[in-house]
S.K.: 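Have a look at the structure that comes next, please.
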Amino acid sequence: MGDAGFWSSMFWLLFFLYLLLWPQMQFRSLQLARARLLKALSEKRSSTVITMIHRQESIGLFGIPFYKFISIEDSEEVLRAIRSAPKDKPIDLIIHTPGGLVLAATQIAKALKDHPAETRVIVPHYAMSGGTLIALAADKIVMDPHAVLGPVDPQLGQYPAPSIVRAVEKKGTEKVDDQTLILADVAEKAIKQVRDFVYNLLKDRYGEEKARELAQVLTEGRWTHDYPITVEHAKELGLHVETDVPPEVYTLMELYKQPMKQRGTVEFMPYPKQEAKR
């Protein structure tokens with residue numbers, strides 16, 4: 001093989017190595033940046049800072065997006081973090097999630113509620129369904145002024161449990177098949193289980209009467225499952241919500257990758273800062 005062939009082969013070898021290694025290098029760089037920011041936030045707030053952020057990750061050779069939800073793996077990691085946190089120090093749990101498994105969200109919520117020191121859930125954008133369930137366990141819910149929570153009515157497959165129960169009630173038990181009746185029975189149990197759990201999360205901080213009211217409202221299927229409960233609406237319902245999200249949290253959110261796109265759908269140009277006249 002001549003020199004030209006050797007260098008050509010070397011070029012292509014290095015090129016393919018670059019394609020394989022560059023995404024991992026990018027991901028490692030993001031991990032280090034996140035770790036530095038979390039450390040700074042932890043020192044500033046004198047707390048253990050935990051994150052559960054579900055975005056579409058696009059790290060990989062072809063930038064294929066992976067959709068994430070609250071999983072058993074998440075609950076294992078969060079519970080491990082809570083167990084290792086000093087018992088006399090606060091916990092700040094940053095949540096950005098569409099929801100996920102009720103079992104996993106319940107485990108996290110219970111562990112957060114049982115932490116002896118103050119617990120704060122920070123919601124920079126949204127914490128729906130299971131994310132809201134976890135937020136209800138905290139001593140403080142800190143939301144961006146335009147962030148949202150959501151109802152916690154359980155879902156059975158693609159259908160909301162309250163809607164299954166209502167459909168059977170409207171049609172009459174004698175007009176539906178056995179499978180639907182079984183599904184309605186499971187739906188009733190699922191609603192009661194989540195409602196009781198929410199009540200137990202809230203009764204110490206809100207009192208028994210208010211806790212029952214909130215548990216009823218959030219699980220009865222009053223709204224669609226993706227209904228956005230804004231800060232104003234949350235306060236109207238009687239939830240204790242604050243809006244002083246630390247600026248570091250917004251910086252942190254920028255360090256989580258979104259799916260690669262041909263062209264961004266949103267762009268903006270910051271307003272230019274005027275230099276002070278001398």
Side-chain angles (χ1 to χ4, degrees), residues 27 30-31 34 38 49-60 62-82 91-113 119-138 141-144 146-164 183 186-187 189-191 193-195 197-198 201 218-219 221 223-230 234 249 252-261 265:
F27 187 52
L30 283 171
Q31 284 182 313
R34 293 173 191 170
L38 288 173
V49 180
I50 307 169
T51 66
M52 187 174 68
I53 297 176
H54 294 141
R55 278 188 168 180
Q56 296 177 14
E57 294 286 355
S58 61
I59 298 296
F62 301 106
I64 300 173
F66 297 93
Y67 298 86
K68 294 190 174 183
F69 305 90
I70 302 173
S71 66
I72 291 297
E73 288 74 20
D74 287 325
S75 65
E76 289 177 358
E77 293 291 336
V78 175
L79 263 60
R80 187 178 299 117
I82 293 175
I91 287 178
D92 284 303
L93 176 56
I94 303 169
I95 295 181
H96 177 84
T97 182
L101 290 178
V102 173
L103 171 60
T106 299
Q107 288 181 295
I108 296 171
K110 182 67 165 59
L112 197 65
K113 184 180 188 301
T119 55
R120 304 176 290 243
V121 163
I122 301 173
V123 184
H125 185 59
Y126 76 153
M128 306 297 285
S129 190
T132 299
L133 191 66
I134 295 168
L136 295 173
I141 303 175
V142 185
M143 298 171 63
D144 177 86
H146 300 103
V148 296
L149 303 175
V152 296
D153 52 310
Q155 309 291 291
L156 298 184
Q158 59 180 323
Y159 300 114
S163 296
I164 296 172
L183 192 61
V186 174
K189 291 173 181 175
I191 295 168
Q193 288 166 190
V194 175
R195 182 171 294 161
F197 185 71
V198 172
L201 287 180
L218 293 171
T219 61
W223 311 288
T224 59
H225 193 60
D226 61 351
Y227 177 78
I229 299 176
T230 62
V249 173
L252 180 69
M253 294 300 295
E254 295 175 7
L255 296 176
Y256 283 81
K257 297 290 289 183
Q258 293 281 40
M260 292 183 179
K261 303 173 184 176
T265 55

S.K.: List for me each residue that meets side-chain contact (heavy atoms from CB on, under 4.5 Å) alongside Ile72, sequence neighbours excluded, and say none if there are none.
M.R.: Ser75, Glu76, Leu101, Leu103, Ala104, Gln107
S.K.: Who are the side chain to side chain donor-acceptor pair (under 3.5 Å) partners of Tyr227, not counting sequence neighbours?
M.R.: His233
S.K.: Do Ile82 and Arg80 have side-chain heavy atoms sitting under 4.5 Å apart?
M.R.: no
S.K.: Just to verify, what does Ser71 make a side-chain contact (heavy atoms from CB on, under 4.5 Å) with, not counting sequence neighbours?
M.R.: Glu73, Asp74
S.K.: In Å, rounded to the nearest 0.5 Å, how long is the span from CD1 of Ile122 to CD1 of Ile141?
M.R.: 12.0 Å
S.K.: To the nearest 0.5 angstrom, please state how far the CG atom of Leu136 sits from the NZ atom of Lys113.
M.R.: 12.0 Å
S.K.: Are the side chains of Leu252 and Ile53 in contact, using a 4.5 Å heavy-atom criterion?
M.R.: yes
S.K.: I need the minimum non-hydrogen distance between Ile134 and Ala105, along with the two atoms involved.
M.R.: CG1-O, 3.6 Å
S.K.: Does Ser129 have any side chain to side chain donor-acceptor pair (under 3.5 Å) partners at least two apart in sequence or in another chain, and if so, which?
M.R.: His225
S.K.: Can you tell if the side chain of Ile108 reaches within under 4.5 Å of the side chain of Met52, non-hydrogen atoms only?
M.R.: yes
S.K.: Taking all non-hydrogen atoms of both residues into account, name the closest pair between Ala109 and Ala137 and its distance.
M.R.: O-CB, 3.2 Å
S.K.: Do any pairs count as a salt bridge (Lys or Arg N to Asp or Glu O under 4.0 Å) and have a residue in residues 93-112, sequence neighbours left out, and if so which ones?
M.R.: Lys110-Asp114
S.K.: Taking only residues two or more places apart in sequence, or in another chain, which ones meet Pro98 in a side-chain contact (heavy atoms from CB on, under 4.5 Å)?
M.R.: His54, Phe69, Tyr126
S.K.: Partners of Arg120 by salt bridge (charged side-chain N to carboxylate O under 4.0 Å, His left out), sequence neighbours excluded?
M.R.: Asp92, Glu118
S.K.: Contact between Ile229 and Leu218 at the side-chain level, heavy atoms closer than 4.5 Å - yes or no?
M.R.: yes
S.K.: Got His125 and Asp144 here, is their nearest side-chain heavy-atom distance under 4.5 Å?
M.R.: no
S.K.: Suppose we screen for side-chain contact (heavy atoms from CB on, under 4.5 Å). Which residues come up paired with Thr106, at least two apart in sequence or across chains?
M.R.: Val102, Leu133, Phe197
S.K.: Let me confirm one number: the CG-CD1 distance from Leu156 to Ile164, rounded to the nearest 0.5 Å.
M.R.: 4.5 Å
S.K.: For Val123 and Ala147, which heavy atoms make the closest approach, and how far apart are they?
M.R.: O-CB, 3.4 Å
S.K.: Atom CD1 of Ile91 and atom CD1 of Ile50: how far apart are they, to the nearest 0.5 Å?
M.R.: 4.5 Å
S.K.: Tell me if a side-chain donor or acceptor on Gln155 pairs with a main-chain N or O of Asp153 at a distance below 3.5 Å.
M.R.: yes
S.K.: From Ile70 CD1 over to Met128 CE, what is the distance, rounded to the nearest 0.5 angstrom?
M.R.: 11.5 Å
S.K.: Donor-acceptor pair, Thr132 side chain versus Ala127 backbone, under 3.5 Å?
M.R.: yes
